[in-house]
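One-based numbering, in listed order, for ligands and for the atoms of each. Fair warning: this is a prediction, and the values are worked out from it, not measured in the lab.
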Amino acid sequence: MSRVATYDVLVIGSGPAGQKAAIMAAKSGKRVAVIEREQGLGGSCVYRGTIPSKTLREAALSLERVKRGAAVFDCKLREGVEVGMLMQRLDEVVSAHSRYMGDQLRRNGIVLLHGCSRFLSDHRLELTTVDGVTQELTAGLIVLATGSRPRHPAKIPVDHEHILDSDSILSMIYLPRSLTIVGAGVVGCEYASIFSLLGVPVTIIDAAPRPLQFVDAELTERFVASFEGYGGRYCGRQRIKNVRWDGLLSVVTTLENGEEIATEKMLVASGRQPNLEDLNVGAAGLEPNAKGYLPVNQYGQTAVPHIYAVGDMAGPPSLASSAMEQGRRAICHALGMAVGSVDHLIPMGIYTIPELSSVGLDESRARERYRNIVVGRADFSEVARGQIAGSDQGLLKMIAGPDGHQLLGVQIIGDHATELIHLGELALINGNPVETFVEGIFNFPTYAEAYRIAALDIVKQRGQRPVLAKAG
Ligand SMILES: Cc1cc2nc3c(=O)[nH]c(=O)nc-3n(C[C@H](O)[C@H](O)[C@H](O)COP(=O)(O)OP(=O)(O)OC[C@H]3O[C@@H](n4cnc5c(N)ncnc54)[C@H](O)[C@@H]3O)c2cc1C
Ligand SMILES: NC(=O)c1ccc[n+]([C@@H]2O[C@H](COP(=O)([O-])OP(=O)(O)OC[C@H]3O[C@@H](n4cnc5c(N)ncnc54)[C@H](O)[C@@H]3O)[C@@H](O)[C@H]2O)c1
């Protein structure tokens, strides 16, 4: 082992959480090293998560746009098309991303170390490179950002050939003739949309009565209607008895109600678990909780004050966007800098087709807290841009407090929902009232006009319930 290398800040993992932590620390004048066990930078976000899935989604979206114009266009996918052909831009996107990140680390003077690391004590780590060379490292501040990996239920024998997870699904050469998806969370629903639009019959199985349980029920109803419109089937409230590959053609799923579902492939999307095992956290005095995560406070600080855990490895919401913010916040907190106060307003963007997005309180949570809320609705079929695009599944819901002025949240399903949500987010951050959307001028024709329609709906209801408005 060579002599000990000393840094101010050591960041383990180069995904969105680790990157932002490292950059923030370097910009604050600290000597920083990032340890990454994979050859490429960027974490599962770049290689197995966000970017590959969204690249395949673009192909499904192109097909969907053509299908909307079915009266004039006649277009379907060629027989035997390879999944790789549908993701032609992926290599370019991934290498551009990795190059950009490498440059950014270098520009900021951050040392990049390749290898796997484990704690020797609370300030010391051992790094082992792929060649088996070891090096001891020490730092005053350590940020763990090792991400997560798919969780496999005990009853499902994932073999990565017939029964796949979100890491192996994109290694399929051909589109499957049919697909069962276990789990109607974000991963399951995003892939369900993509594959069903590409013409694959998809069945989703979940123990819950509806998919995406944490999303507004009116929005998920529209999602299910659209998914079923593309030939998909949602099997809610179902428990799986067993899953087996029949050795010939099909993966056979037996449900506890006796039904058998046979499809060519299965995708298991039943949640994630943190990458913690290799780190030997016990040597640093840390202990995971019953769910396998390291307990942290709102800044990502663990029970050992100079060790922070951020991003997926620290648990939900498990988003690239929140991972970046957690990385930044951890460093600000550790270095005694102002952290900012909008972390409760993390927007959620789900890239199903149609897209779903939300910020602030949704209808049911707002009702729990304030009882007499006012809900404004704008159907995209009322918006000129929606009519032009034939986007009739869209809906924007604006949630106002009992006085009908205070904005509490916005939920959107439909084209560009994940972009549109930021208007609502900024209004919430700035404490703008509902009127902002009535008085502001919007480009025409745009989907953003849905904000004004929803706001006017609230104003109309306010006029009809003067007693409630005064009672507050
Ligand atoms: C299919 C899919 C689609 C997704 N789509 C979206 C989306 O559209 N939008 C969104 O916001 N989020 C999305 N996510 C979630 C997003 O990818 C994650 O929340 C994000 O990648 C978490 O970032 P992270 O930095 O915590 O971890 P990761 O990105 O997983 O990075 C962790 C890094 O740590 C490294 N590492 C692990 N252990 C060690 C060790 N012992 N030593 C050294 N290095 C180590 C790993 O190699 C990896 O590079 C998606 C996830 C999946 C699975
Ligand atoms: N657009 C995005 O931001 C995006 C995209 C993809 C993933 N992600 C993140 O990745 C994380 C993981 O996503 P995920 O969808 O794998 O997990 P999840 O925890 O969101 O959903 C898992 C689903 O599987 C179901 N389930 C679990 N075990 C089951 C079983 N044995 N039988 C039937 N159903 C079962 C659960 O009821 C749940 O609905 C999420 O936290 C999400 O935030 C985000």
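- Every atom of ligand 1 is numbered from 1 in the order shown, and the set under 4.0 Å from a heavy atom of C116 is 41 (N), 42 (N).
- Neither the backbone nor the side chain of L41 comes within 4.0 Å of ligand 1, counting heavy atoms alone.
- Side-chain contact between Y191 and V200 is absent, with no heavy-atom pair separated by less than 4.5 Å.
- Using a 4.0 Å cut-off to heavy atoms of A323, the atoms of ligand 1 that qualify are 23 (O).
- Between atom 3 (O) of ligand 2 and the options T418, D312, L319, the minimum heavy-atom separation is to L319.
- Residues E264 and S178 approach most closely at N-OG, 3.0 Å, considering heavy atoms.
- Put simply, part of R151 is less than 4.0 Å from ligand 2, judged by heavy atoms.
- Nearest non-hydrogen protein atom to atom 19 (O) of ligand 1 is D312 OD1, 2.7 Å.
- Distance from atom 21 (O) of ligand 1 to its nearest protein heavy atom, with residue and atom name: C45 CB, 3.2 Å.
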Go through the steps to decide whether R124 and E136 satisfy the test salt bridge (Lys or Arg N to Asp or Glu O under 4.0 Å), and finish with yes or no.
CA-CA 7 Å; R124 287 186 307 131; E136 201 176 311; 2.9 Å; yes
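- Those atoms of ligand 1 that come under 4.0 Å of a heavy atom in S321, given as number and element, are 11 (O).
- Of all atoms in ligand 1, numbered sequentially from 1 with element shown, those under 4.0 Å from a heavy atom of L279 are 41 (N).
- The shortest N or O to N or O distance between G271 and ligand 2 is under 3.5 Å.
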Evaluate the side-chain hydrogen bond (donor to acceptor under 3.5 Å, both in side chains) criterion for residues D312 and S148: first the C-alpha distance (whole Å), next the side-chain angles of each, then the deciding distance (0.1 Å), finally the verdict.
CA-CA 6 Å; D312 275 20; S148 64; 2.8 Å; yes
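- Remark: minimum distance from atom 9 (C) of ligand 2 to any protein heavy atom is reached at S318 O, 3.0 Å.
- At least one N or O atom of R37, backbone or side chain, sits closer than 3.5 Å to an N or O atom of ligand 1.
- Contacts between I12 and ligand 1, counted as non-hydrogen atom pairs separated by less than 4.0 Å, involve the side chain only.
- Comparing L356, V186, I240, L267 by heavy-atom distance to atom 4 (C) of ligand 2, the nearest is V186.
- At least one heavy atom of R272 sits under 4.0 Å from some atom of ligand 1.
- Every N/O-N/O distance between R48 and ligand 1 stays at or above 3.5 Å.
- Residue G185 has at least one heavy-atom neighbour below 4.0 Å for each of these atoms of ligand 2: 15 (O), 20 (O), 21 (O), 23 (C), 39 (O).
- Atom 24 (O) of ligand 2 has as its closest protein heavy atom G183 CA, 3.2 Å.
- For atom 14 (N) of ligand 1, the nearest protein heavy atom (residue, atom name, distance) is T50 OG1, 3.4 Å.
- From the protein, the heavy atom lying nearest to atom 29 (O) of ligand 1 is S44 N, 3.1 Å.
- Atoms of ligand 1 found under 4.0 Å from any heavy atom of G311, numbered from 1 in the order shown, are 26 (O).
- Counting only heavy atoms of the protein, atom 27 (C) of ligand 2 lies nearest to S270 CB, 3.4 Å.
- Residue-ligand proximity, E38 to ligand 1, at heavy-atom distances under 4.0 Å covers atoms 47 (O).
- Ligand 1 has an N or O atom lying under 3.5 Å from an N or O atom of P16, backbone or side chain.
- At a 3.5 angstrom cut-off on N or O pairs, N275 does not count as close to ligand 1.
- Using a 4.0 Å heavy-atom cutoff, A208 is absent from the residues neighbouring ligand 2.
- A 4.5 Å side-chain heavy-atom check between Y234 and T220 finds every atom pair outside the cut-off.
- Among all protein heavy atoms, the one lying closest to atom 11 (C) of ligand 2 is R272 CG, 3.7 Å.
- Here the closest heavy-atom approach between residue A378 and residue A454 is recorded as CB-N, 3.8 Å.
- A ring-centre distance under 6.0 Å is found for Y447 and F380.
- Distance from atom 5 (N) of ligand 1 to its nearest protein heavy atom, with residue and atom name: K54 NZ, 2.9 Å.
- Below 4.0 Å from some heavy atom of Y351 lie the following atoms of ligand 1, by number and element: 8 (O).
- Nearest protein neighbour of atom 39 (C) of ligand 1, counting heavy atoms only, is T146 CG2, 3.5 Å.
- Less than 4.0 angstrom separates some heavy atom of A17 from each of these atoms of ligand 1: 25 (O), 26 (O).
- The residue among S53, S318, S14, G49 with a heavy atom at the shortest distance from atom 15 (C) of ligand 1 is S318.
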In sequence, state the C-alpha distance, the side-chain angles, and the governing distance for E64 and Y230, and then conclude on side-chain hydrogen bond (donor to acceptor under 3.5 Å, both in side chains).
CA-CA 10 Å; E64 195 249 359; Y230 289 120; 3.2 Å; yes
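- For atom 49 (O) of ligand 1, the closest non-hydrogen atom of the protein is E36 OE1, 2.6 Å.
- Among I156, D165, I205, D206, the residue whose heavy atom lies nearest to atom 37 (O) of ligand 2 is D206.
- The closest approach between any non-hydrogen atom of G115 and ligand 1 is below 4.0 Å.
- Remark: ligand 2 atoms within the under-4.0 Å shell around heavy atoms of V182 are 32 (N), 33 (C).
- Here the shortest heavy-atom distance to atom 13 (O) of ligand 2, taken over V243, V187, T352, belongs to V187.
- Considering only heavy atoms from C-beta on, I240 comes within 4.5 Å of L255 through its side chain.
- Applying side-chain contact (heavy atoms from CB on, under 4.5 Å) to I181 and the options V187, V268, L267 leaves one that passes, L267.
- Protein heavy atom in closest approach to atom 42 (N) of ligand 1: S117 OG, 3.3 Å.
- Heavy atoms from both the backbone and the side chain of A320 come within less than 4.0 Å of ligand 1.
- By the 6.0 Å contact criterion, CZ on R369 is open, its count of non-hydrogen atoms from other residues, nucleotides or ligands being 12 or less.
- Taking all heavy atoms of A207, P317, S148 into account, the minimum distance to atom 34 (N) of ligand 2 is reached by A207.
- Of all atoms in ligand 2, numbered sequentially from 1 with element shown, those under 4.0 Å from a heavy atom of G349 are 1 (N), 2 (C), 3 (O).
- With a 4.0 Å heavy-atom cut-off, ligand 2 is reached by the side chain of E190 but not by its N, CA, C or O.
- For P316, the closest heavy-atom approach to ligand 2 does not fall below 4.0 Å.
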